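Notes follow the structure.
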Amino acid sequence: MDFAAIVAEIAEEIAPFRGQGRVANYIPALGAADPHKFGIAVATRDGDVFSAGDADERFSIQSISKVFTFTLALDLLGESLWRRIGREPSGSAFNSLVQLEQEAGIPRNPLINAGAIVVTDTIVQHFDRDRAVDAILSFVRQRARSEAIAIDQEIARSEAVTGFRNAALANFLKSFKNLENPVEDVLDVYFNQCAISASCSELATSMLYLANSGEDPLSGDQVVSRADARRINAVMLTCGHYDASGDFAYRVGLPAKSGVAGGIVATVPSHLAVAVWSPGLSPQGNSLVGTLALEKFSAKTGLSVFRA
Ligand code: GLU
């Protein structure tokens, strides 16, 4: 398949839609993003990257970081992780408090904020507070093959200053005894992981282990077991877009995870990984133009887990 031509075609076709959607503005550093930006990168298992638009510009990965922490936690804890988190779609907003109260402090899945905070707690528990951020960052750098990936300190600080809902979720979890470490420590690591900056090219490369049965195809490292890779893809497919996960599965049909700064990563198991970025969001908090680009990608290539 001529991926260079396909991504160039997609960039051209989405051009009239650039600028649509609402840029996240809960912190100034995200609110300042240019809604006209658009990048797309496809990384194949033999190490090629095909990109178009602003694919090499770094942006805040935000909730895409939840895939990396979920991977680390599942690998560390195995099945016992599921005593503390479910694996069902939430049908609710990313930061909803109501469900957590109703369901006695067991978050629906690891890709909503409450679940991701529990996941981060397991990482803090394992690596201890001071090493947890480094462990997450070095995992991302290794997978993306880029030592230049870093945490945007301004974003990390602003997340902490405005993170009242996340603090509420963490306190709720603590009250239900589903947080082992101090709330402040877990939130600090969570805000730092959200503030990691990476480009579409780096993110597409970083997801290759999920497109290759858990093995990083470039280094040969078995990052997670084949079974866990399948499970992570399944949770991404069903839960990766908050309360728009069904719509994304219908339109694109790929395991994927979105972030509130407009990034989306998707995997085509046994083939490749793809990342898009465009800051304008849908009302559910997923990149509007990014989703459109991925819809075009699966239509043009026929690559979808539901391929008939
Ligand atoms: N930092 C954001 C939050 O926790 C991440 C949400 C997202 O990317 O969807 O509120």
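First listed ligand is number 1; within each ligand, the first listed atom is number 1. Please read all numbers here as calculations on a predicted model, not as lab measurements.
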Let me check something: any side-chain donor-acceptor pairs from residues 253-270 under 3.5 Å, sequence neighbours excluded? List them with distances.
from	atom 1	to	atom 2	distance (Å)
Lys257	NZ	Gly240	O	3.0
Ser258	OG	Asn286	OD1	2.6
Thr267	OG1	Asn233	OD1	2.7

Could you list the residues that satisfy side-chain hydrogen bond (donor to acceptor under 3.5 Å, both in side chains) with Thr44, not counting sequence neighbours? Asp46
Ligand-protein N/O pairs under 3.5 Å (ligand 1):
from	atom 1	to	atom 2	distance (Å)
ligand 1	1 (N)	Tyr26	OH	3.1
ligand 1	1 (N)	Gln62	OE1	2.5
ligand 1	1 (N)	Glu159	OE1	3.0
ligand 1	1 (N)	Glu159	OE2	3.3
ligand 1	4 (O)	Asn113	ND2	3.0
ligand 1	4 (O)	Asn166	ND2	3.1
ligand 1	4 (O)	Tyr190	OH	2.7
ligand 1	8 (O)	Ser63	N	3.0
ligand 1	8 (O)	Ser63	OG	2.7
ligand 1	8 (O)	Val260	N	2.8
ligand 1	9 (O)	Ser63	OG	3.0
ligand 1	9 (O)	Tyr242	OH	2.6
ligand 1	10 (O)	Asn113	ND2	3.4
ligand 1	10 (O)	Asn166	ND2	3.4

With side chains defined as the heavy atoms from C-beta onward, is the minimum distance between Asn95 and Tyr26 less than 4.5 Å? no
With distance as the sole test, does Arg141 use its side chain to make a donor-acceptor pair with the main-chain N or O of Glu147 at under 3.5 Å? yes
Do the ring planes of Phe70 and Trp82 sit parallel (below 30°), tilted (30 to 60°) or perpendicular (above 60°)? perpendicular
Can you name the residues that form a ring-ring contact (aromatic ring centres under 6.0 Å, His included) with Phe68, not counting sequence neighbours? none
